[in-house]
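To keep things clear, I will list the structure first and then write my remarks on it.
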Amino acid sequence: MTDVQTDERKWGEQRLAGRKRQKVLVRGAMVAAALTFAILAPRLVPDGAAAPQAKLILAVIYIAAILLGAAWLWRRSDEVERRRACNTLAAMGLSGFVLTIVVMLAAPVFHLRNPAMIVWTIGLIVGGAAYIAQRLRN
Amino acid sequence: MRNRLKVLRAERDWSQAELAGRLDVSRQAVNAIETGKHDPSLPLAFRIGRVFGLKIEEIFHDGCAD
């Protein structure tokens, strides 16, 4: 079989590989943006009167970059990936909805310093678990 | 809903990745449809029909005997 015939028979696999490469690049850029914000932002912004505003501007840029990447990924996703993403977000939202009250009530009893961060972290863990469970089921 | 995707794919000697690329979906989507874990939307079902050159009802059936 010639290379041309092989290409003709396998163009779907090549297209899929290109699709995967694009997604890896965008996900990499999103992780890089998150790491840049988490690690570099506190060091880049000096303490002072203007620091809160500078940090707010950095946070807005970071969130815009993440939203842009997420929107691009959503557009390039198929219906199975979108359903998985919706279920993951629903699990995170539900955990936040339920746990916010519980953690707020528990905070004074257990001397929790940052209840919002605890709810956020648990939501992240629940979302990750929901995503992994869906991947394993498929 | 049941389907003949796996058989049709095998007849053409296509991998799941090959079919996924031709449908412009992920390989996991093809796997989920093949194993009956996901029922495709109508637009995707039409696309699958076009890729195989068949009508939707020649690929998918509800499993009930008429």
Side-chain angles (χ1 to χ4, degrees), chain A residues 1-31 66 68-92 126-138, chain B:
Chain A
M1 192 184 293
T2 65
D3 287 349
V4 175
Q5 281 173 319
T6 308
D7 284 352
E8 182 58 32
R9 283 169 46 79
K10 299 291 177 191
W11 68 264
E13 286 187 7
Q14 289 165 4
R15 188 188 197 185
L16 187 69
R19 193 173 184 266
K20 273 186 188 168
R21 262 195 307 276
Q22 282 182 343
K23 283 194 163 184
V24 167
L25 277 175
V26 172
R27 283 187 182 135
M30 287 169 74
V31 170
I66 295 294
L68 212 66
W72 189 90
L73 282 174
W74 181 265
R75 280 178 61 83
R76 291 296 298 149
S77 295
D78 59 53
E79 55 192 53
V80 171
E81 292 167 326
R82 285 182 184 177
R83 188 184 63 175
R84 206 182 287 151
C86 284
N87 289 341
T88 302
L89 290 172
M92 291 168 86
V126 167
Y131 182 80
I132 290 167
Q134 291 179 89
R135 283 299 299 258
L136 291 178
R137 264 215 314 262
N138 268 359
Chain B
M1 199 160 63
R2 292 179 184 174
N3 64 74
R4 296 174 53 226
L5 272 194
K6 198 171 182 177
V7 174
L8 294 168
R9 202 165 52 71
E11 283 172 2
R12 286 155 182 80
D13 195 23
W14 288 349
S15 63
Q16 282 188 343
E18 177 63 27
L19 178 58
R22 286 172 186 253
L23 293 169
D24 199 21
V25 298
S26 63
R27 196 195 55 75
Q28 287 92 352
V30 169
N31 187 52
I33 295 167
E34 259 188 25
T35 53
K37 286 173 182 161
H38 176 75
D39 290 336
S41 64
L42 210 45
L44 180 54
F46 272 114
R47 237 155 63 211
I48 293 170
R50 270 198 300 274
V51 162
F52 287 116
L54 296 167
K55 291 177 184 169
I56 289 178
E57 59 266 34
E58 290 174 310
I59 302 171
F60 297 97
H61 59 97
D62 60 7
C64 299
D66 288 337

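Sequence lines set the chain letters: A, B, ... in the order given, protein chains first and strands last, and positions in each chain run from 1.
Checked against side-chain hydrogen bond (donor to acceptor under 3.5 Å, both in side chains), A:Thr88 has the following partners two or more places apart in sequence or in another chain: A:Gln134. Legend: residues meeting side-chain hydrogen bond (donor to acceptor under 3.5 Å, both in side chains) with A:Arg135, ordered by chain and number and at least two apart, are A:Tyr131.
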Derivation of the side-chain contact (heavy atoms from CB on, under 4.5 Å) call for B:Leu19 and A:Glu13: CA-CA 8 Å; B:Leu19 178 58; A:Glu13 286 187 7; over 6 Å; no
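Atom CD in A:Glu79 sits 6.0 Å away from atom CD1 in B:Ile33 (nearest 0.5 Å).
Checking B:Pro40, B:Ser41, B:Ser26 one by one against A:Asp78, the side-chain contact (heavy atoms from CB on, under 4.5 Å) holds for a single residue, B:Ser26.
For A:Trp11 against B:Glu18, the heavy-atom pair with the smallest separation is N-OE2, 3.6 Å.
Near-neighbour residues of residues 16-30 of chain A relative to chain B, defined by a heavy atom under 4.5 Å from a heavy atom of that chain, comprise A:Leu16, A:Arg19.
For residues 6-58 of chain B, every residue pair satisfying the ring pair (Phe, Tyr, Trp, His ring centres under 6.0 Å) rule, not counting sequence neighbours, is listed here: B:Trp14-B:Phe52.
For A:Arg82, the CZ atom counts as densely surrounded, since its 6.0 Å shell holds more than 12 non-hydrogen atoms of other residues, nucleotides or ligands.
No donor-acceptor pair closer than 3.5 Å links the side chain of B:Arg22 to the backbone N or O of A:Gly12.
For A:Arg137, the part lying under 4.5 angstrom from a heavy atom of chain B is the backbone only.
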